[in-house]
Student: 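Mind having a look at this structure? Questions to follow.
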Amino acid sequence: MSSSVTFKGTVNGLTIVMNEDDPFEKILSDIEKKITSAKKFFEEGNLAVRYRGRKLSDEEQRQILRLLLDKSGVMINSFSEEANLSKQDDSLKAAYGANGNSYEKTKIFCGTVRSGQEVRYDGNVVIVGDVNPGANVIAKGNIIVVGSLRGMVHAGSDGDPDAYIVAFRLRPMQLRIADIITRAPEEYEEKPETPEIAYVRDGQVYIGSYCFMPS
Amino acid sequence: MGEVIVITSGKGGVGKTTTTANLGTGLALENKQVVLIDTDIGLRNLDVVMGLENRIVYDLVDVVEGHCRVKQALIKDRRYEGLYLLPAAQTRDKNAVNPKQMVKLCQELREEFDFILIDCPAGIEQGFRNAISGADRAIVVTTPDVSAVRDADRIIGLLESSELKNPKIIINRVKPDMVRRGDMMTIDDIIDILAVDLLGVVPDDEKIVISTNRGEPAVTDSKSLAGQVYRNIAKRILGENIPILDVQSEEGFLHKLKRLFGIKNAM
């Protein structure tokens with residue numbers, strides 16, 4: 001009989017993948033078995049543990065956490081549900097996991113937004129083209145630039161910190177999300193030629209490489 | 001029916017007037033009937049660059065205000081067949097002309113000339129509005145400076161919103177050495193930002209300064225590289241398909257000679 005749980009080691013710690021259809025009791029016993037068989041895994045001092053595959057009630061979470069603490073003998077830093085993503089990419093989680101904003105309206109602008117021009121909309125904005133220095137794009141929702149972003153963009157302009165900005169080439173003069181204003185660092189930095197995402201966490205703007213979600 | 005082309009840039013000092021003078025002369029050398037209009041009222045220069053300063057009797061403002069006929073104000077360049085200049089007024093300002101009058105003037109000149117080149121003043125105000133109002137197409141001049149490219153971008157945006165679609169650009173004063181050293185924006189960098197068609201790349205050339213001061217457009221100088229480039233641009237305006245001279249990788253004569261004799265570059 002196959003196990004109802006799988007352990008996956010990640011950069012950040014451990015992820016427990018659970019089978020949704022099996023009864024919770026089986027999951028508990030399978031976790032116990034896994035811990036015993038994977039003792040080596042728990043030699044590290046402390047672990048951040050995440051789970052996915054099924055929804056857990058608070059009580060069920062507590063039970064699993066106790067089991068982990070009792071059987072593995074390591075410190076558990078945190079125990080939480082992982083956003084439903086295949087990649088261990090914090091940036092994506094920030095963008096989608098915490099994505100409380102859901103603007104249904106989206107404006108699509110085709111062409112280059114040039115110096116002195118402004119695209120303003122009370123929803124999401126997609127620019128199919130470049131945003132040049134001296135141009136502004138301001139959206140109440142999220143901003144996606146299918147091209148080079150070299151100008152100023154302001155996502156979540158009404159103060160929504162869950163708004164995010166994605167660009168194929170993120171080289172902005174200035175980035176604003178909600179009421180946070182950031183600019184590119186002064187020192188020269190080799191920037192990746194891959195899509196990037198900017199989002200807010202703990203009152204700071206983070207920039208991460210953007211990978212596409214699997215369907 | 002002639003074609004009205006406005007030569008503009010946004011930023012001052014990038015070479016609009018020099019470009020106008022050289023392209024106009026270049027087109028006249030191709031046996032076209034050409035008139036150059038200086039719309040930089042109050043700060044006229046095109047007459048100086050063309051060496052026609054001492055022949056001005058009437059100007060653009062006189063024409064639009066009806067003090068004279070267009071024919072009377074046109075200065076014929078005696079050196080080049082088919083080349084005329086309509087100078088700007090020096091004692092007035094940009095508000096002395098309005099876009100409607102420019103459209104009417106262009107319509108009138110269109111009947112007799114193949115090309116009407118309009119030298120636009122710097123800036124985006126009334127003078128710019130006047131200059132572009134009668135134009136069919138636009139040429140934007142820029143230099144490989146961040147500020148000039150920024151202004152060119154702004155101008156292209158304004159041209160596009162004024163129904164002057166697909167402007168072409170001329171990149172002026174490119175210093176091949178600096179580009180090769182990575183100290184100057186490359187042509188590709190500029191095209192990447194502006195996303196418009198390239199009409200020509202003019203290398204920085206001391207001969208331009210000399211010819212501008214003498215009032216003899218460099219395009220007539222067969223030894224000048226910049227002159228060669230202007231001749232090519234004129235031909236491109238006429239629809240000829242001439243590859244863009246790659247000034248960035250243009251080697252000095254000495255280097256070419258050395259390579260020819262197989263001498264390693266020791267310098």
Side-chain angles (χ1 to χ4, degrees), chain A residues 107-121 125-139 143-154 165-176 181 183-196 210, chain B residues 6 8-12 14 120-129 131-132 138-169 171 181-198:
Chain A
K107 179 180 190 152
I108 298 179
F109 180 99
C110 289
T112 307
V113 191
R114 296 185 184 276
S115 178
Q117 295 177 333
E118 185 173 281
V119 176
R120 191 184 276 269
Y121 192 63
V125 173
V126 177
I127 308 286
V128 185
D130 297 347
V131 178
N132 277 357
N136 298 341
V137 177
I138 297 158
I143 297 172
I144 295 169
V145 179
V146 187
S148 296
L149 167 47
R150 309 182 188 96
M152 195 287 285
V153 290
H154 190 178
I165 297 161
V166 174
F168 275 23
R169 285 177 82 228
L170 193 69
R171 308 281 188 279
M173 276 292 134
Q174 208 179 73
L175 275 183
R176 299 182 191 174
I181 301 176
R183 59 183 169 77
E186 296 279 339
E187 61 269 29
Y188 180 75
E189 244 183 282
E190 199 65 52
K191 295 276 260 159
E193 293 288 326
T194 50
E196 289 184 290
Y210 177 88
Chain B
V6 62
T8 181
S9 72
K11 193 176 184 306
V14 297
C120 178
I124 54 172
E125 295 82 17
Q126 178 79 15
F128 170 74
R129 297 276 157 214
I132 66 166
I139 294 173
V140 176
V141 182
T142 187
T143 57
D145 303 300
V146 176
S147 53
V149 172
R150 190 73 50 85
D151 288 3
D153 188 48
R154 176 90 169 105
I155 286 295
I156 293 166
L158 291 171
L159 290 170
E160 281 170 348
S161 57
S162 307
E163 300 303 311
L164 271 169
K165 304 286 180 200
N166 302 322
K168 299 227 159 50
I169 60 161
I171 303 172
R181 285 202 305 265
D183 293 334
M184 193 176 241
M185 282 175 99
T186 68
I187 307 303
D188 288 344
D189 292 340
I190 298 168
I191 297 297
D192 189 38
I193 291 175
L194 298 180
V196 288
D197 291 338
L198 182 62

Student: Between B:Asp151 and chain A, with a heavy-atom cut-off of 4.5 Å, which part of the residue counts as in contact: side chain, backbone, both or neither?
Tutor: neither
Student: Working to the nearest 0.5 Å, report the span between CG of A:Asn132 and CG of B:Leu194.
Tutor: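 Answer for the CG-CG pair, A:Asn132 versus B:Leu194, is 7.0 Å.
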Student: Can you confirm whether more than 12 heavy atoms, excluding those of B:Asn166, are under 6.0 Å from its CG atom?
Tutor: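 No, the 6.0 Å shell around CG holds no more than 12 heavy atoms from other groups.
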Student: Could you give the distance from CD1 (B:Ile193) to CZ (A:Arg114), rounded to the nearest 0.5 Å?
Tutor: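 If I round to the nearest 0.5 Å, the distance is 10.5 Å.
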Student: With a 4.5 angstrom heavy-atom cut-off, is it the side chain or the backbone of A:Arg169 that approaches chain B, or both, or neither?
Tutor: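 Side chain of A:Arg169 only, per the 4.5 Å heavy-atom cut-off to chain B.
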Student: Quick one: pull up CG in B:Asp153 and CD in A:Gln117 and give me the separation to the nearest 0.5 Å.
Tutor: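 Taking CG in B:Asp153 and CD in A:Gln117, the distance rounds to 7.5 Å.
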